[in-house]
**Student:** 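Dropping a structure here in structure tokens format, bear with me for questions.
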Amino acid sequence: MDKTIIRLDNIAKSFGNVRVIHHISFSIEAGKVYALAGENGAGKSTLCNIISGSLKPDEGTISYGDKEYSSFTIQQAKEIGIKMVHQELQILPLMNVEENIFIGEESSRRGFVNKKEMRKRSLELLEMVGLNAQPETKVAEIEIAGRQLLEIARAINHNARIIILDEPTSSLSQAEIRKFFTIIKKLKEQGVSFIFISHRLEEVFELADKIIVLKDGEKVAELNTEETNEKEVIRLMVGREYSDFYQRERKCHGDVCLELKDISGVKEGMLNNAYIPQHVSLKVEEGEVLGIAGLVGAGRTELVRMIFGEMPIGSGEIFVQGEKVQIKSSRDAIKLGMAWVTEDRKQEGLILEDTLVRNLSLPTVHKHRKAGIIDDNFLTKMSEKYIQKLKVKTTGGLQKAKNLSGGNQQKIVLGKWLSTNPKILILDEPTRGIDVGAKAEIYKLINELTAQGMAIVLISSELPEVMGMSDRLLIMYEGRVTGQLLKEEYTEERVMEYATGRKVHNE
Amino acid sequence: MNDKKLMIKSKGILNQIGLLGVIAVLCIIFTCLNSTFIAAANLMNIVRQSAVMIIVAMGVTFVMISGELDLSIGGVACLTGMVVSKLLTTGVSIPVAILIGLLLGALLGLFNGILTTKFNLPSMIVTLATMNLANGSASLITGGTAIYNLPQEFEFLGRGFIFGIPAQVVFMVILVIICGIVLSKTLIGRYALAIGGNADVAKLAGISVIKYKLLYFVFCSLCASFAGMILTSRLATGQPNLASNMMMDTLTAVVLGGTAMSGGEGSIAGSVMGALLLTIISNGLTINGVNSFWQMIISALILIATIIARRKKD
Amino acid sequence: MNDKKLMIKSKGILNQIGLLGVIAVLCIIFTCLNSTFIAAANLMNIVRQSAVMIIVAMGVTFVMISGELDLSIGGVACLTGMVVSKLLTTGVSIPVAILIGLLLGALLGLFNGILTTKFNLPSMIVTLATMNLANGSASLITGGTAIYNLPQEFEFLGRGFIFGIPAQVVFMVILVIICGIVLSKTLIGRYALAIGGNADVAKLAGISVIKYKLLYFVFCSLCASFAGMILTSRLATGQPNLASNMMMDTLTAVVLGGTAMSGGEGSIAGSVMGALLLTIISNGLTINGVNSFWQMIISALILIATIIARRKKD
Amino acid sequence: EESAKKVAYISAANQFDFFVYIGAEIKKVGEENGVQVDMFDAALDVSKEADLMSQAILQKYDAIIVGPVDTQALIPSIKEANEAGIPVINYDSFIEGAEVYARVGSGNKDMGKTAGEYAADMLKEKYGEVKGNVIVLSYPALETMNQRNEGFIEALKEYPDVTIKEETVEECTAEGGQKLTDNLLIANPEGTLDIIYGSNAGVALGALASVSSAGREDIALVGIDNEEGQLNALKDGRYYKATVAQDSYSIGEEAMNAALSAIDGKKTGDVVVPGILVTADNVEEYLTDDQAKKDELEEYK
Ligand SMILES: Nc1ncnc2c1ncn2[C@@H]1O[C@H](COP(=O)(O)OP(=O)(O)OP(=O)(O)O)[C@@H](O)[C@H]1O
Ligand SMILES: Nc1ncnc2c1ncn2[C@@H]1O[C@H](COP(=O)(O)OP(=O)(O)OP(=O)(O)O)[C@@H](O)[C@H]1O
Ligand SMILES: [Mg+2]
Ligand SMILES: [Mg+2]
């Protein structure tokens, strides 16, 4: 029996005169997981947007049953049962968790929403995906990882037939990912199909039945997972092989750059106190990469916020280059030679409507003026430099940030902060949504920068990354530092023990 | 960010408590200064005076929650008033004239809505244009002069009583109750909040943003044209410069009530209280013999005090 | 989604070309109807008439680009006009009076800015309050009547000439050039765009959002108070309801010029052309003997046509 | 060939019948004399009036007939016209301090006085002596209203037992008058207020709407202007007792005649067209005449 749900034929799509998808065809069968692999900007999200009805292809057809469509509308896709978790999170921050889960699919009778039914279902879903929040919690109060879980809850809510997951795991940590994969596997058994995008190939190999490799908008291969391996996929994607990703070697040893002594956040009545960092002490030296690991919501981002003066500090001291400092806002922090690559590129990283040049030059523009007049030539050149160095896939510095693919946006955020030449660089999930090739480049960059004496704090939910790239590891659990490990001591088990609070290291 | 989070959390209720607090304090002050303020007749007077503003505020609340702006309300009210007056003086029966008035409102709302959504134009300019269009047309009907000799029975809308309560107050209360239910209990309300929160997200969730926005615009204009008829009925003449302050006053009331200019947030109770607050200020000051210039200043100060007080409460 | 992206791409220039196109078409039509329209004297008249609006639009453009709104401009202009008139009639010298007027403007701007930024209040309400505060105070100065007998020399601002060009036009041109440079070539402009684009990002990039927003508010109020003095000078009397249409007209001009109400986008050239367009419409219609009600209607239609045309061009 | 003469008529506010019919009359007289009349409306905006003046001067009208929104604010514009050699005819409020060819009007202060005297008579009739409480609705930004109020107050000042309070409307429209009066009725309960005076059609009609819907027959309304609504109310006579009507037709006619002379270089000087006191007694008669005039002018509106 034919198990095909939908079939794409010769789908093509251009933005302006840039062709992003070249005549791609494939079918989606029931109960299978398809992984889309490809570099940043290869066209993965675009293809998924076409399937889910939010973009119209220029050419080609989509067949469903015995009907052919030139494109789906969102409503049609929904009727068929196509759900999508978008790479750029699609949430309504002012509405609560429950309203977000059910948006567009409220259970209602004659226009009146049926709150009881939805409450029951939303509690189930929250439990299922492991989102530790009440249905009435406003989404604005939830950090990015929680939002990702929320979107997942939304996608699995109704009886979907095809669920498209565009980097659903990029801000999740192991525990959530495990939980999530269990759900996927269960749904798959019930005949639900998935299109899965992730730059973490081990996830791809764990889940996918088939791997479709895209390169520059073309389908270069459709592989059965059993018959291939990571190396081949990477070669097909990038055109070259990466053998050992994490080649961290500390070359420079210097003084302590940044030191926190017993920093605690302010206990604010209504917030969930557990997540506000308490009694955190740490040191980072020149040339060192200090990793901070922890589960989602452990309070790592909040810690950076506190360091940067964007969240109140209740007690404790901060020393930069040995001197005690008062940081009232990120402006002070920047002046002290710090830079912070934020995790949420949309909210805190980019001015989406602005050009790449403007985004890249924002923190440094004040330094490049002649008699008050901005030296735009210089800024353009500087931007070109970073665009090349980070291999950003773009039509040029004048492209708007919002028109870049997710991974390329992330590179722009990184470039923006590198351009300030910081002495202390804090990277909060720096490789979120970045492809393997670019990741390798960023790791190389981390090594180069530390070799020149920069101190780096690397926060990442991806254990291999944070373990592979840091010289020392700090592990947080519910706002507290539960463990500190030296490179020689790392094992995944040990880190997870601290990260889940099963073990607490006492100095 | 963090403070913001705190703020948002408890907004729903506290917002309104903040406003209520200000209203209470004002009432006490005004009563101390002049006890007629608290007299039943004056309280009814206040409610009656605010009724029209509240009616219009209902429509504006929906439009604003959905992330758009309707500046045309005053114009719509004015044009409806004039058209209905003209119809009435040419012998059209009252119910028919009222129906035509509402139809006109709906059409103007549709015009706003279509230009804003289908043509994807900024609603601020579209509705500004509609305002001028409507005001200009209102004056053209007579060449700029007022219309007199409306039938006596038409005065019911603005001067009549239903069970001893001014008719306009009754209409207002019914409308407020309906709107309260619609906003909090139905898809129409929920989608307004969603669309205003982020129209792209709403669209991706399969909500037909255009259809709903059209609905909000039409409803808003309907409210405005109904208000225009009440005002006309109360004045017992068709005035070509009717409702010239309606837009500013109503927008102020709605924003004061906690509806975000940028959409995604707002409440019916808030808008009602915003309108009441504005009316109480002007009534209390007039009764206490404060002249209109001081009134402007004092009400501006109270406005600022209110938003600060509300903010502190959060 | 897709069309939108395409649209935005070439906006910068095409936006203005769209506006220019509309302006050109209108000029041709008006000239055909009445050749005095194109006479040098009338062209200068148009520029002179639009000068005040353009001056205020400069300030509004910066505030709006940075994501805020200033509704107080009319009030500020009016209060400044009255205060300066009062000072002049009590014998204060002209330069001192002008300086005090500007200082007053700056203070009102500071007031707007501080409430908006430090207290984190919605600028729409804050400036609305300031508008009423200013208008009320303006009337209180004299109890609501106008101020007469300003010194003859004060008329220079609004009626004088510099090298045969009306003084206000000269001031306007200078201001426009400065603003053009500031917006595109200096930090003040760059940061306005960044703050309006995403204030969080700007703040994290080390920009003191508060300081810059204060600056924009102060500048905007300065423009308004300067405009108020020009208007007062032109009328040679202090009028307590001066500039009552300024806010609506100027906001329309600026938004018409392509500045986004939500911030992050806008241009000086656009605002200038927006203001010119509005003036041309009213001048052309007046010259052709169109009565003021038809003018409202026709200009509303042209307004809509313009935003549609601009949109199509993109 | 000598092109036809043209005259610019600048109205202070076409929202009032008064200005509309002056304009119509002027147009009619113009037509009879082969002079083109173009009408402009300053819509109660001083700045706009100044701009309209400049424009009329630029377009080289042969004469400008202008009703000032504010007399003083118009002076620079009149000087501008003088410099350009264009004669200006001033109607309605009289301009002091600038050179005009003619001033035609009813005298605002005089009309106020007429209304005040009638108010005094009413009080006398009510109490046997002239005493009582009077509220004057004011809108200080409008010069004409100030002058009318001044005349009214002056007439009543003679009687020490009359308490006069001025109350300012927020806007000079029916709605503004109504809103204020609604509140005033609360602040001045039955028996504490005898007369409300509204010296322009807008506020007078607003006060009428408020007083009539509250059924406060203890209050008598006196006003100025002759909008249809005011005249109708006089007929029924329950609330609105008297209004001072301006003769817009004669004002228009005189103004246009002055303009015709001005084109020939002749100055007319001041022409006073006195206001007419209309009460329940003579309203029918007045209305018949008025309606006839209006019908005649309909095509010129
Ligand atoms: N609206 C748009 N306008 C112009 N170009 C666009 C637009 N959307 C996407 N692109 C371009 O299309 C290409 C493909 O983008 P897409 O988002 O599909 O990539 P992706 O494979 O999902 O990459 P990533 O792994 O970084 O998410 C990119 O080069 C991007 O810059
Ligand atoms: N699973 C969850 N359930 C509920 N709230 C969550 C969850 N995950 C994150 N949060 C929210 O996140 C906040 C703390 O997140 P923060 O970003 O500081 O931690 P983190 O360790 O940096 O996490 P991340 O892995 O997202 O970077 C908490 O206040 C909480 O509201
Ligand atoms: Mg993508
Ligand atoms: Mg984090």
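All of these numbers come straight from a predicted model, not from anything done at the bench. Note on naming: letters A, B, ... go to the chains in the order of the sequence lines (proteins, then strands), and numbering restarts at 1 for each one.
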**Student:** One thing to verify: whether D/Arg238 and D/Glu217 come together as a salt bridge, which I'm taking to mean a side-chain N less than 4.0 angstrom from a carboxylate O.
**Tutor:**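 Salt bridge: yes.
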**Student:** Please state whether the side chain, the backbone, both or neither of B/Phe293 comes within less than 4.5 Å of a heavy atom of chain D.
**Tutor:**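 Looking at B/Phe293, just its side chain touches chain D.
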**Student:** Check this for me, if you would: do D/Asp289 and D/Lys293 make a salt bridge, where the nitrogen-to-carboxylate-oxygen distance has to be below 4.0 angstrom?
**Tutor:**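 Salt bridge absent between D/Asp289 and D/Lys293.
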**Student:** With a 4.5 angstrom heavy-atom cut-off, which part of D/Leu185 approaches chain B: side chain, backbone, both or neither?
**Tutor:**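 D/Leu185 has no heavy atom closer than 4.5 Å to chain B.
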**Student:** Please state whether the side chain, the backbone, both or neither of B/Asn34 comes within less than 4.5 Å of a heavy atom of chain D.
**Tutor:**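 Neither the backbone nor the side chain of B/Asn34 comes within 4.5 Å of chain D.
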**Student:** Side chains of B/Asn149 and D/Asn232: is there a donor and an acceptor less than 3.5 Å apart?
**Tutor:**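 Indeed, the side chains of B/Asn149 and D/Asn232 share at least one donor-acceptor pair under 3.5 Å.
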**Student:** Under a 4.5 Å heavy-atom cut-off, does chain B meet the side chain of D/Ser212, its backbone, both or neither?
**Tutor:**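 Contact with chain B: backbone and side chain both.
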**Student:** With a 4.5 angstrom heavy-atom cut-off, could you sort out which part of B/Thr142 is near chain D: side chain, backbone, both or neither?
**Tutor:**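 Only the backbone of B/Thr142 comes within 4.5 Å of chain D.
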**Student:** With a 4.5 angstrom heavy-atom cut-off, could you sort out which part of D/Gln178 is near chain B: side chain, backbone, both or neither?
**Tutor:**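 Contact with chain B is through the side chain of D/Gln178 alone.
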**Student:** Compute the ring centroids of B/Phe226 and B/Phe171, then answer whether they are less than 6.0 Å apart.
**Tutor:**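 Yes, the ring of B/Phe226 comes within the 6.0 Å limit of the ring of B/Phe171, centre to centre.
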**Student:** Given a strict heavy-atom distance threshold of 4.5 Å, which part of D/Pro140 is in contact with chain B: side chain, backbone, both, or neither?
**Tutor:**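 Interface part for D/Pro140: side chain.
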**Student:** As an exercise: rank B/Ala243, B/Ser139, B/Ala39, B/Ala236 by heavy-atom pairs under 4.5 Å with chain D and give me the winner.
**Tutor:**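 Top count of heavy-atom pairs under 4.5 Å with chain D: B/Ala243.
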**Student:** Which one of D/Asn188, D/Leu205, D/Thr168, D/Ile186 has the most heavy-atom pairs closer than 4.5 Å to chain B?
**Tutor:**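 It is D/Ile186.
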**Student:** Check D/Asp194, D/Thr192, D/Asn133 against D/Thr163 for a side-chain hydrogen bond (donor to acceptor under 3.5 Å, both in side chains) and give me the one that passes.
**Tutor:**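 Per the side-chain hydrogen bond (donor to acceptor under 3.5 Å, both in side chains) rule, the option paired with D/Thr163 is D/Asn133, out of D/Asp194, D/Thr192, D/Asn133.
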**Student:** Do D/Glu175 and D/Thr173 pair up side chain to side chain, a donor and an acceptor below 3.5 Å, judged on atom types alone?
**Tutor:**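 No pair is found: no donor N or O on one side chain lies under 3.5 Å from an acceptor on the other.
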**Student:** Would you call D/Glu171-D/Lys179 a salt bridge at under 4.0 Å N-O?
**Tutor:**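 Salt bridge absent between D/Glu171 and D/Lys179.
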**Student:** If you count heavy-atom pairs within less than 4.5 Å of chain B, which of D/Ser138, D/Ser213, D/Ala187 leads?
**Tutor:**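 Of the options given, most contacts go to D/Ser213.
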**Student:** Are the side chain of D/Asp247 and the backbone N or O of D/Ser250 linked by a donor-acceptor pair below 3.5 Å?
**Tutor:**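 Looks like yes, one N/O pair under 3.5 Å.
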**Student:** Go through the atoms of B/Leu231 and report whether side chain, backbone, both or neither lie under 4.5 Å from a heavy atom of chain D.
**Tutor:**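 Contact with chain D is through the side chain of B/Leu231 alone.
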**Student:** Look at D/Lys48 together with D/Asp41 and state whether they make a salt bridge at an N to O cut-off of under 4.0 Å.
**Tutor:**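 The answer is no: the pair does not qualify as a salt bridge.
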**Student:** Identify which of B/Thr237, B/Ile147, B/Asn288, B/Asn283 forms the greatest number of heavy-atom pairs closer than 4.5 Å to chain D.
**Tutor:**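 Highest number of pairs under 4.5 Å: B/Asn283.
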**Student:** Is it the backbone or the side chain of B/Arg234 that comes under 4.5 Å from a heavy atom of chain D, or both, or neither?
**Tutor:**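 Both backbone and side chain of B/Arg234 come within 4.5 Å of chain D.
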